[in-house]
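Letters A, B, ... mirror the listed sequences (proteins, then strands); counts begin at 1.
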2 protein chains.
Amino acid sequence: MTAAVELLKTRRLYLLLRDRIVTGAVGPGSRLPSEPALAQEHGVSRVTVRRALDLLAEEGLVRRRVGSGTFVEDPPASRPIVADFSNVLSNLIEMGRATAVKLLSFAYVAPPASIAEPLGLEPGERVQRSVRVRLIDGQPFSYLTTHVPERIGLTYSERDLATIPLLELMERSGIVAERATQSISATLVGPETAAALDLAPGSPVISLTRVVYEPSGRGVEHLHALYRPDRYAFQMDFVRTDVAGARRWTPTVVQASRTASSPRPSRPKRTASQKGTRP
Amino acid sequence: MTAAVELLKTRRLYLLLRDRIVTGAVGPGSRLPSEPALAQEHGVSRVTVRRALDLLAEEGLVRRRVGSGTFVEDPPASRPIVADFSNVLSNLIEMGRATAVKLLSFAYVAPPASIAEPLGLEPGERVQRSVRVRLIDGQPFSYLTTHVPERIGLTYSERDLATIPLLELMERSGIVAERATQSISATLVGPETAAALDLAPGSPVISLTRVVYEPSGRGVEHLHALYRPDRYAFQMDFVRTDVAGARRWTPTVVQASRTASSPRPSRPKRTASQKGTRP
DNA sequence: AGAAGCTGTCTGCTTTTTGATACAATTAGG
DNA sequence: CCTAATTGTATCAAAAAGCAGACAGCTTCT
């Protein structure tokens with residue numbers, strides 16, 4: 001009755017090996033078992049093993065040497081963009097990198113309850129729904145779906161949205177963003193979103209949901225964002241302090257750094273002159 | 001040369017529909033196109049469409065009514081556990097929920113460079129590598145791989161690790177955790193990790209990497225954690241304040257709450273009758 | 001009541017993926 | 001130098017996934 005959709009064996013083995021590599025179970029430089037050995041060990045044919053290894057090699061996780069074996073590569077040290085906890089992209093600006101926004105969709109619609117409820121909307125109140133993709137150095141890294149109450153959305157134009165950060169638009173219109181709550185999770189991209197992010201469908205992405213409130217307690221923005229994990233990561237630093245007699249972690253402002261995999265202790269920063277851009 | 005591993009059509013369609021549902025493109029209560037319509041629209045057979053819808057129905061995202069159609073369900077309101085930005089589980093404890101830990105692996109090994117470097121280890125220095133799964137109410141939600149310098153790991157026993165939080169163990173031994181840096185991302189689980197988390201291989205998970213330092217600047221813990229997104233989420237609250245003349249977001253301590261998407265006091269769940277303290 | 005449209009189920013066929021096997025080219029070690 | 005082990009490549013067979021079509025039962029609307 002239930003289909004269950006077994007995962008392709010190639011993909012399955014790929015994920016398994018990839019897992020062992022990224023978690024450090026097999027260290028860089030070490031040799032993987034031979035293809036026939038892997039085939040027997042996992043009950044698949046050598047052809048399938050090869051396909052899985054092909055994928056790993058494409059990603060630069062392993063290197064194959066004819067006659068010798070397949071070896072784990074040193075981490076390619078790809079450096080995702082790092083955002084601090086407040087998700088401010090001022091880091092990027094400081095680094096002088098070019099960000100651009102592409103507006104994919106813009107309309108006023110009746111919101112589903114899952115949007116209307118956290119925004120505290122009256123029944124029947126409409127929202128502005130917009131979908132944007134943000135690029136850095138010409139490459140997409142985030143897919144943003146925002147819902148804004150109609151009364152607020154009307155204070156700026158579609159053209160504004162394609163060029164100016166949403167929160168900045170709202171603050172220009174006199175709307176005061178006072179409080180926000182956000183949660184970070186993970187999900188898979190569908191084919192449409194994948195295409196917009198230049199990803200393969202089914203790739204994992206970071207998922208962020210944020211609601212911004214004005215002082216009255218009413219919601220002014222509902223954001224659902226997806227981030228490419230290879231180009232973006234959330235980084236946060238903490239210090240252990242005594243608060244009311246108890247040891248607690250308190251967050252500190254993270255410094256801009258090009259590396260995420262091996263985050264180094266902070267460095268003296270250059271002063272920010274430009275205003276921050278938000279997703 | 002490139003295998004590329006095309007995604008199964010069923011899975012592809014499943015992801016696409018799921019995407020439209022969770023992003024609110026199609027609201028709860030609305031009817032999806034009929035199976036023949038979906039089949040034609042996406043160039044697949046009706047059998048494939050059915051399989052994709054089966055998956056959605058299993059997840060509770062849609063409800064199928066014979067003779068009528070397939071309808072988007074109201075959000076299943078699965079409420080993941082919420083951790084505040086500092087990733088402290090005190091929330092859970094306060095909520096009186098039973099957490100347990102299963103120790104899967106424990107050994108002293110030579111660390112790969114990706115671990116040794118952020119920890120600031122001398123060449124040749126060994127580390128204690130442990131793999132644990134954390135359960136809540138008997139169900140696994142996190143998979144933790146920790147690397148600790150040998151000199152620190154020796155201050156507690158394998159048995160200790162299976163029962164007491166690592167940071168607490170270290171502080172008991174006089175090690176001072178002063179600073180930490182962590183980054184959050186997303187990835188896919190391999191078959192082994194998937195089994196430990198009771199997930200299907202290839203499912204998306206939240207990935208967290210954290211390094212904790214002592215006052216001397218040396219690293220005392222390297223943590224690589226994977227979280228089930230349906231049972232765990234990172235939530236953080238912010239307030240907009242004036243700092244040095246500029247408006248900035250500053251984090252506040254998140255309140256313990258059972259809801260992630262919509263902050264609303266939820267009904268009490270079942271009482272924690274069985275508590276599984278494991279060795 | 002009747003018609004139209006929908007989901008549920010089954011069957012045979014086609015396409016894609018995986019498997020088994022053989023062999024060539026390269027490397028490392030005795 | 002020779003041997004054993006490794007990856008690279010090709011071919012054909014087997015298994016799995018997908019497809020097209022038909023039909024039954026239920027729901028909704030005319």
Enquirer: For residues 63-70 of chain A, which side-chain donor-acceptor pairs fall under 3.5 Å, sequence neighbours excluded?
Expert:
| unit_1 | atom_1 | unit_2 | atom_2 | d |
| --- | --- | --- | --- | --- |
| A:Arg64 | NH1 | A:Asp54 | OD1 | 2.5 |
| A:Arg64 | NH2 | A:Glu35 | OE2 | 2.7 |

Enquirer: Please identify each residue that fulfils side-chain hydrogen bond (donor to acceptor under 3.5 Å, both in side chains) with B:Ser45, with sequence neighbours left out.
Expert: B:Thr48
Enquirer: What is the distance from OH of A:Tyr14 to P of C:dT18, rounded to the nearest Å?
Expert: 15 Å
Enquirer: Checking side-chain polar atoms at under 3.5 Å, does B:Arg18 have a donor or acceptor matched by the opposite partner on A:Thr187?
Expert: yes
Enquirer: Could you list the residues that satisfy side chain to side chain contact (heavy atoms under 4.5 Å, CB included) with A:Ala37, not counting sequence neighbours?
Expert: A:Pro33, A:Ser34
Enquirer: Identify, with sequence neighbours excluded, every residue that meets side chain to side chain contact (heavy atoms under 4.5 Å, CB included) alongside B:Gln40.
Expert: none
Enquirer: Tell me: CG of B:Leu32 to P of C:dG5, nearest whole Å?
Expert: 19 Å
Enquirer: For C:dG19, does either OP1 or OP2 sit under 4.0 Å from a side-chain N or O belonging to A:Lys9?
Expert: yes
Enquirer: How does protein reach along nucleotides 25-30 of chain C, written 5' to 3' as B (base within reach of a heavy atom under 4.0 Å), S (only sugar-phosphate), or - (no contact)?
Expert: -BB---
Enquirer: Using 30° and 60° as the class boundaries, would you call the ring planes of A:Phe141 and A:Tyr232 parallel, tilted or perpendicular?
Expert: parallel
Enquirer: Would you kindly give the CZ-to-C1' distance between A:Arg50 and D:dA10, to the nearest whole Å?
Expert: 12 Å
Enquirer: Would you jot down, in residue-number order, the residues of residues 36-47 of chain A having a non-hydrogen atom under 4.0 Å from DNA chain D?
Expert: A:Pro36, A:Arg46
Enquirer: Checking B:Ser203 now: which residues fulfil side chain to side chain contact (heavy atoms under 4.5 Å, CB included) with it, not counting sequence neighbours?
Expert: B:Val189, B:Leu199, B:Ala200
Enquirer: To the nearest Å, how far apart are B:Arg31 CZ and D:dC29 C1'?
Expert: 13 Å
Enquirer: Hey, is the side chain of B:Thr10 poking within less than 4.0 Å of OP1 or OP2 on D:dA17, counting only N and O atoms?
Expert: no
Enquirer: A:Arg11 CZ to D:dA17 P: how many Å, rounded?
Expert: 15 Å
Enquirer: Taking atom P of C:dT9 as reference, at what distance in whole Å does atom CG of B:Leu53 sit?
Expert: 14 Å
Enquirer: In chain order, what residues pass the salt bridge (charged side-chain N to carboxylate O under 4.0 Å, His left out) check against A:Glu125, with sequence neighbours excluded?
Expert: A:Arg151
Enquirer: Only counting residues at least two apart or in another chain, list the ones meeting side chain to side chain contact (heavy atoms under 4.5 Å, CB included) with A:Leu103.
Expert: A:Phe106, A:Ser130, A:Arg132, A:Glu158, A:Leu161, A:Ala162
Enquirer: Taking CD from A:Glu35 and C1' from C:dT18, how many angstroms apart are they, rounded to a whole number?
Expert: 16 Å
Enquirer: Let me know the distance between CZ of A:Arg12 and C1' of C:dT17, rounded to the nearest Å.
Expert: 16 Å
